[in-house]
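Here is the structure we will look at.
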Amino acid sequence: MTLSLDKALGPAADALQLHERRTQLLAENIANADTPNYKARDLDFRAAMRQAAGDGGLALNRTSAGHLTPPGSSVGNPTPQYRVPANPSLDGNTVELDQERGRFAESTVNYQASLQFLGSRFTGLINALRRE
């Protein structure tokens, strides 16, 4: 009997990667809140998870190993989207600091939840292996 970690962990590992990438983008937005012409970016988490689950629409058929993967087609590297600000600033910066802080806190909580869920999956696997 073989053990596939991808099947055992399910989409939790993909979700953890996406939360990490989103948190990084939000931190970059906060760090550049005073940079003129900086454009805030974010990930569409639901669309990226649908894509990871294989529900992302049409998939390209790669007939050669030399074919390139389209941008945003892997879970670890989804394409960030630029955000449209509600109150644009005069210097062209689109970071709305209060909203970015709220999104960053939400993303951090989601990351911690995914990490705890993944940890519980590993604990369950270890317990299952010890009992045999």
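Annotation: the span from L97 atom CG to S89 atom OG amounts to 11.5 Å, rounded to 0.5 Å. Atom CZ of F104 is separated from atom CD of E28 by 11.0 Å, given to the nearest 0.5 angstrom. In this structure, NZ in K39 is found 9.5 Å from OH in Y82, a value given to the nearest 0.5 Å. The structure places CZ of R21 at 4.0 Å from CG of L25, a figure rounded to the nearest 0.5 Å. One distance of note links OG1 of T94 with CG of N32; it measures 10.0 Å at 0.5 Å rounding.
Across M49 and L18, no two heavy atoms sit closer than the pair SD-CD1, 3.3 Å. Nearest heavy-atom pair across A40 and E100 is CB-OE2, 3.9 Å. Closest approach of T23 to S107, counting heavy atoms only: OG1-OG, 2.6 Å. In terms of heavy atoms, A15 sits closest to F45 at O-CE1, 4.0 Å. Here the closest non-hydrogen pair linking A12 and L118 is CB-CD1, 3.7 Å. Heavy atoms only, all atoms of each residue included: Y111 and H19 are closest at CD1-CB, 3.7 Å.
Residues D34 and N93 form no side-chain contact, since every pair of their non-hydrogen atoms from C-beta on lies 4.5 Å or further apart. By the 4.5 Å heavy-atom criterion applied to side chains, R103 and R83 are counted as neighbours. Residues I30 and V95 are not in side-chain contact: their nearest non-hydrogen atoms beyond the backbone lie 4.5 Å or more apart. Counting heavy atoms from C-beta outward, E96 and N87 have side chains that approach closer than 4.5 Å.
Side-chain atoms of Y38 and N29 form a donor-acceptor pair, as typed in the model, at a separation below 3.5 Å.
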(request) Give the intermediate values and the outcome of side-chain contact (heavy atoms from CB on, under 4.5 Å) for residues D42 and Q81. (result) CA-CA 5 Å; D42 198 356; Q81 306 290 317; over 6 Å; no
